[in-house]
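Reckoned from all heavy atoms, side chains included, excluding hydrogens, waters and symmetry mates. Whatever order the structure lists ligands and atoms in, that order sets their numbers, starting from 1.
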Amino acid sequence: MINPRDVISYLEMCAQEGTSLQRGMNFHLRGMFSVILMSLRPNAPYADRVEDNGSTLIYEGHDVSKTNDTPIPKIIDQPMYNPGGSLTQNGLFYKAAKNYAERKKHPELIRVYEKLHTGIWVYNGTFKLVDAWQEQRDNRKVFKFKLELSEESKPKRHNTQSIVPEHDRMIPPNIKLEVWKRDKGKCVICGSIKNLHFDHIIPFSKGGTSLLAKNIQILCAKHNISKRDNIE
Ligand SMILES: [Zn+2]
């Protein structure tokens with residue numbers, strides 16, 4: 001079981017989803033949740049971004065595969081359909097967003113993982129797919145998907161049904177990276193490099209912010225739980 005803001009390896013991420021994740025967009029993975037992998041690192045291939053203080057994610061669609069016919073995918077419109085006429089991953093997510101926008105369906109639920117470093121990922125939580133559109137970028141059409149953090153991403157307390165409000169924001173990627181480097185990828189209390197988690201020093205519910213690295217630290221699972229118990 002993983003929680004939002006947990007730091008996991010690539011293999012742990014694949015184990016969590018029960019499959020080897022080979023691509024960024026995975027509509028109805030194993031028939032259930034959809035799964036999206038994102039990266040906001042400076043050399044990331046797609047222009048994903050976080051808005052509204054971390055509760056909204058704008059995710060860019062994906063390019064055609066690089067083949068002999070399409071040697072430079074970045075100059076070609078992102079495709080809605082495969083050559084055989086079936087929907088691409090862009091098309092599948094786009095149709096789901098439009099169905100939701102027209103109130104025909106419940107929103108698609110998407111589990112979002114973010115790449116922090118090679119082999120190191122952060123689970124950002126479950127998001128609702130609420131909108132999609134195509135826009136013109138550098139003389140070609142790209143897809144954009146709007147995802148909002150879902151209630152289900154806010155974990156319950158141990159004994160009650162109430163919700164821990166400090167979980168209701170994503171930490172922006174640049175802040176995660178700054179904290180990861182500052183804390184050297186280790187729990188700041190015991191130096192453990194296993195079962196790590198991005199922790200708000202002052203909880204969101206008590207006015208702490210997600211937007212400043214000085215309010216975020218890395219804790220292992222043991223110290224994260226003991227801190228939470230002290231607060232409660
Ligand atoms: Zn620790």
Side-chain angles (χ1 to χ4, degrees), residues 1-21 33 35-44 48 50 53-55 57 110-127 149-232:
M1 179 63 196
I2 58 170
N3 291 305
R5 294 187 280 118
D6 281 353
V7 179
I8 56 176
S9 70
Y10 174 74
L11 288 177
E12 286 169 322
M13 179 173 77
C14 291
Q16 177 70 29
E17 297 303 336
T19 186
S20 169
L21 290 159
F33 281 101
V35 172
I36 272 180
L37 312 184
M38 60 181 277
S39 173
L40 291 91
R41 303 190 306 164
N43 58 350
D48 304 330
V50 172
N53 193 8
S55 63
L57 169 64
I110 305 176
R111 295 160 60 82
V112 176
Y113 296 89
E114 178 188 336
K115 189 174 192 174
L116 195 60
H117 262 303
T118 305
I120 302 172
W121 295 77
V122 184
Y123 176 51
N124 276 335
T126 304
F127 289 70
L149 199 53
S150 155
E151 291 292 317
E152 291 172 32
S153 280
K154 303 168 190 171
K156 312 270 189 293
R157 287 174 189 241
H158 308 307
N159 306 320
T160 70
Q161 289 300 305
S162 67
I163 282 164
V164 182
E166 72 257 33
H167 288 269
D168 67 359
R169 291 293 185 277
M170 269 176 76
I171 301 166
N174 58 321
I175 300 294
K176 287 198 198 90
L177 205 51
E178 189 180 340
V179 171
W180 183 260
K181 284 181 182 164
R182 184 198 66 205
D183 294 347
K184 299 182 173 61
K186 296 173 184 172
C187 173
V188 295
I189 297 174
C190 70
S192 173
I193 56 166
K194 287 192 174 156
N195 302 319
L196 300 178
H197 180 87
F198 282 97
D199 172 64
H200 288 88
I201 295 171
I202 301 169
F204 199 84
S205 58
K206 296 191 164 58
T209 179
S210 288
L211 304 180
L212 294 174
K214 67 179 183 184
N215 191 45
I216 312 292
Q217 64 185 356
I218 295 175
L219 291 179
C220 69
K222 190 178 97 184
H223 286 115
N224 184 44
I225 287 164
S226 67
K227 179 187 164 182
R228 213 186 306 152
D229 288 344
N230 286 339
I231 289 171
E232 285 175 19

Report task. Could you check if a side-chain atom of F198 sits within less than 4.5 angstrom of a side-chain atom of P4, using non-hydrogen atoms only? Result -> no

Query raised in the report: Are any non-hydrogen side-chain atoms of E178 and I175 less than 4.5 angstrom apart?
Result: yes

Query raised in the report: Which residues and atoms, counting only protein N, O or S, are under 2.8 Å from the Zn ion (ligand 1)?
Result: C187 SG, C190 SG, C220 SG, H223 ND1

Query raised in the report: Do the side chain of R111 and the main chain of E17 share a donor and acceptor less than 3.5 angstrom apart?
Result: no

Report task. Calculate, to the nearest 0.5 Å, the distance between atoms CG and CG belonging to N195 and L219 respectively. Result -> 12.5 Å

Query raised in the report: For the atom pair CG (D199) and CD1 (I216), what is the distance rounded to the nearest 0.5 Å?
Result: 7.5 Å

**Report entry** Check against side chain to side chain contact (heavy atoms under 4.5 Å, CB included), I218 and V7
**Finding:** CA-CA 9 Å; I218 295 175; V7 179; 5.8 Å; no

